[in-house]
2 protein chains.
Amino acid sequence: MTDRAIGRGFKRSELARQTGSNLETVRYYEKIGLLPEPPRSANDYRVYSEAHVRRLRFVMRGRELGFSIEEIRGLLELVDGGKQTCAEVKERTEHHLSDVRAKIADLRRIEKILAQTAAQCSGDAIPECPILDALSSYPDVGDAGHR
Amino acid sequence: MTDRAIGRGFKRSELARQTGSNLETVRYYEKIGLLPEPPRSANDYRVYSEAHVRRLRFVMRGRELGFSIEEIRGLLELVDGGKQTCAEVKERTEHHLSDVRAKIADLRRIEKILAQTAAQCSGDAIPECPILDALSSYPDVGDAGHR
DNA sequence: CTTGAGCCTGTAGTCACTACAGACATTATC
DNA sequence: GATAATGTCTGTAGTGACTACAGGCTCAAG
């Protein structure tokens with residue numbers, strides 16, 4: 001395969017390479033309708049263009065930012081609608097932002113407990129371990145401030 | 001079923017209620033060997049004791065703190081071993097702590113970008129939306145500092 | 001004595017992929 | 001030009017950590 005750099009139209013492996021995605025993930029996204037089914041060459045190979053690269057990058061970036069597949073589908077619908085309301089996108093982003101902030105808060109609570117218990121631990125080979133005690137007997141920590 | 005408060009020995013639903021876990025999750029944990037198979041009463045019902053409550057709480061707390069099932073299995077082995085080395089537990093906790101801190105760092109990066117792009121957004125019904133632009137064309141953000 | 005809840009089992013569905021098996025196509029090497 | 005290695009195609013199964021459901025039993029209440 002020497003067509004790696006031939007002007008327009010490349011194969012799945014090249015799309016994956018350009019975007020840093022997994023080969024199979026591309027097929028998966030097409031199956032669930034997140035990416036369009038690309039045209040096929042005579043040998044039934046998928047043929048991609050720059051537009052596909054852009055769309056896949058959009059999806060991947062959304063995933064990196066923690067949007068779910070369905071959330072990304074929603075964003076793409078706004079994009080595809082043409083007359084995308086910036087307000088709508090903003091609202092969804094802000095909603096997602098509050099989700100992310102809640103996750104951070106949860107993790108920071110966890111971090112605190114882990115750090116505390118690790119610090120209390122002597123590191124000796126004694127049967128009493130504050131970390132295990134913490135795991136066993138701390139009262140519910142998971143409930144504070146959860147939606 | 002009025003035996004809700006009968007001294008020793010209760011059913012699965014009561015175990016779930018006491019721990020706040022899902023009924024099916026209990027069975028799942030037993031299936032994968034994270035919880036011991038409890039004794040059965042004449043009618044083949046599972047019979048639990050306080051020890052089961054404690055062990056399930058340990059598991060649940062570990063999950064809340066973001067330990068994987070296998071990590072919890074490892075911690076339980078240390079507990080069950082009797083001669084648990086505190087040092088070993090400490091090491092695992094600290095390893096997990098750095099995982100949690102990495103996750104927090106990732107999320108804060110995401111938070112920043114989401115907040116920035118949402119702030120840039122006018123909220124008008126214009127076709128050009130900075131959030132969509134950001135999703136489409138920001139360079140790789142996911143790579144910095146990743147293990 | 002029937003109704004309904006609660007428990008039992010195994011199995012399927014979830015999410016977002018990832019991997020594999022087997023068939024055909026293409027490309028590289030001898 | 002034969003052969004071997006790689007690449008692509010398809011459908012399907014496996015992952016982790018559950019969750020839900022179907023169908024069958026037991027049990028207590030009305």
Side-chain angles (χ1 to χ4, degrees), chain A residues 1-6 9-35 37-48 52 56 58-76 96 99 103 142, chain B residues 1-6 9-35 37-48 52 56 58-76 96 99 103 142:
Chain A
M1 307 241 162
T2 34
D3 56 355
R4 217 172 298 160
I6 286 181
F10 33 83
K11 307 202 192 104
R12 192 152 57 110
S13 62
E14 176 62 12
L15 175 65
R17 199 196 56 75
Q18 277 195 38
T19 56
S21 77
N22 182 300
L23 201 66
E24 299 284 24
T25 306
V26 174
R27 195 160 63 104
Y28 171 71
Y29 284 163
E30 285 163 9
K31 198 172 100 189
I32 63 170
L34 213 55
L35 298 181
E37 291 280 352
R40 303 292 180 113
S41 60
N43 53 15
D44 214 31
Y45 287 8
R46 290 166 176 84
V47 179
Y48 297 98
H52 292 97
L56 178 51
F58 184 99
V59 171
M60 290 177 70
R61 176 125 187 93
R63 294 291 299 131
E64 274 170 22
L65 292 181
F67 286 94
S68 75
I69 294 286
E70 290 315 310
E71 285 168 332
I72 291 169
R73 198 190 296 280
L75 289 172
L76 282 171
H96 186 58
D99 280 0
K103 260 189 206 166
Chain B
M1 308 243 163
T2 34
D3 57 356
R4 216 173 296 159
I6 285 181
F10 33 83
K11 305 203 194 102
R12 191 152 56 110
S13 61
E14 176 62 13
L15 176 66
R17 200 195 57 74
Q18 277 194 39
T19 56
S21 77
N22 182 301
L23 201 67
E24 298 284 24
T25 306
V26 174
R27 194 160 64 105
Y28 171 71
Y29 284 162
E30 283 163 10
K31 199 173 96 190
I32 64 170
L34 211 58
L35 298 181
E37 291 279 353
R40 303 292 179 113
S41 59
N43 53 14
D44 214 30
Y45 287 7
R46 290 167 177 83
V47 179
Y48 297 99
H52 292 97
L56 178 51
F58 184 99
V59 172
M60 289 178 71
R61 175 127 188 94
R63 294 291 300 131
E64 274 171 22
L65 292 181
F67 286 94
S68 75
I69 293 286
E70 290 316 310
E71 283 168 334
I72 291 170
R73 198 190 297 279
L75 289 172
L76 282 171
H96 186 59
D99 279 0
K103 259 188 208 167

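In what follows, chains are A, B, ... by sequence order, proteins preceding strands, each numbered from 1. When reading the values below, keep in mind they use all heavy atoms of this one structure, side chains included, and skip hydrogens, waters and symmetry mates.
Each of E70(B) and A42(B) was matched to the nucleotide of DNA chain D holding its nearest heavy atom; the match closer to the 5' end belongs to E70(B).
Dashed line: the shortest gap from a side-chain N or O of R46(B) to OP1 or OP2 of dC7(C) is not under 4.0 Å. For the OP1/OP2 pair of dC18(D) and a distance below 4.0 Å, the side-chain nitrogens and oxygens of Y29(B) include at least one atom meeting the criterion. Distances shorter than 4.0 Å separate some side-chain N or O of S13(A) from OP1 or OP2 on dT8(D). Between R12(A) and the phosphate of dG7(D), there is no side-chain N or O to OP1/OP2 separation shorter than 4.0 Å. R40(A) has no side-chain polar atom (N or O) that falls below the 4.0 Å cut-off from OP1 or OP2 of dA25(C). Taking only side-chain nitrogens and oxygens, N22(A) comes nearer than 4.0 Å to OP1 or OP2 of dA19(C). Between dT18(C) and T25(A), a contact under 4.0 Å exists linking OP1 or OP2 to a side-chain N or O. Here N43(B) does not reach the OP1 or OP2 of dC8(C): none of its side-chain N or O atoms lies under 4.0 Å away.
One atom, CD1 of I32(A), and another, C1' of dT18(C), lie 14 Å apart when rounded to the nearest Å. If you measure from atom CZ of R63(B) to atom C1' of dG16(D), you get 9 Å, rounded to the nearest angstrom. Spacing between atom CG of L23(A) and atom C1' of dC20(C) amounts to 13 Å, rounded to whole angstrom units. As a whole-Å value, the separation of Y28(A) OH from dT12(D) C1' is 15 Å. Remark: P of dC27(D) and NZ of K11(B) are 9 Å apart, rounded to the nearest angstrom. As rounded to whole Å, 11 Å separates atom P of dC18(D) from atom CG of L35(B). Rounded to whole Å, the distance from CD on E30(A) to P on dC17(C) is 14 Å. Counting to the nearest Å, the C1' atom of dA23(C) and the CG atom of D44(A) are 12 Å from each other.
Which of dC17(C), dC18(D), dC27(D) sits closest to the side chain of I69(B) comes down to dC18(D). The nucleotide whose nearest atom lies closest to any side-chain atom of E24(A) is, among dT12(D), dC8(C), dT18(C), dT18(C). For S68(A), taking side-chain heavy atoms from C-beta onward, the closest of the listed nucleotides dA16(C), dC7(C), dC9(D) is dA16(C).
Between the side chain of R27(A) and the backbone N or O of R12(A), no donor-acceptor pair lies under 3.5 Å.
Using a 4.5 Å heavy-atom cutoff, the side chains of F10(B) and Q18(B) are in contact. For the pair Y28(B)/L34(B), no side-chain contact is recorded, criterion being any heavy-atom separation below 4.5 Å from C-beta on.
For E30(B), the side-chain contact (heavy atoms from CB on, under 4.5 Å) criterion is met by V26(B), L35(B), E37(B), P38(B), R46(B), Y48(B), not counting sequence neighbours.
Within the 4.0 angstrom heavy-atom criterion, base atoms lie near R27(B).
Separating the CE atom in M60(A) from the OG1 atom in T19(A) is a distance of 5.0 Å, to the nearest 0.5 Å. Put simply, CG on L15(A) and CG on L56(A) are 5.0 Å apart, with the number rounded to the nearest 0.5 Å.
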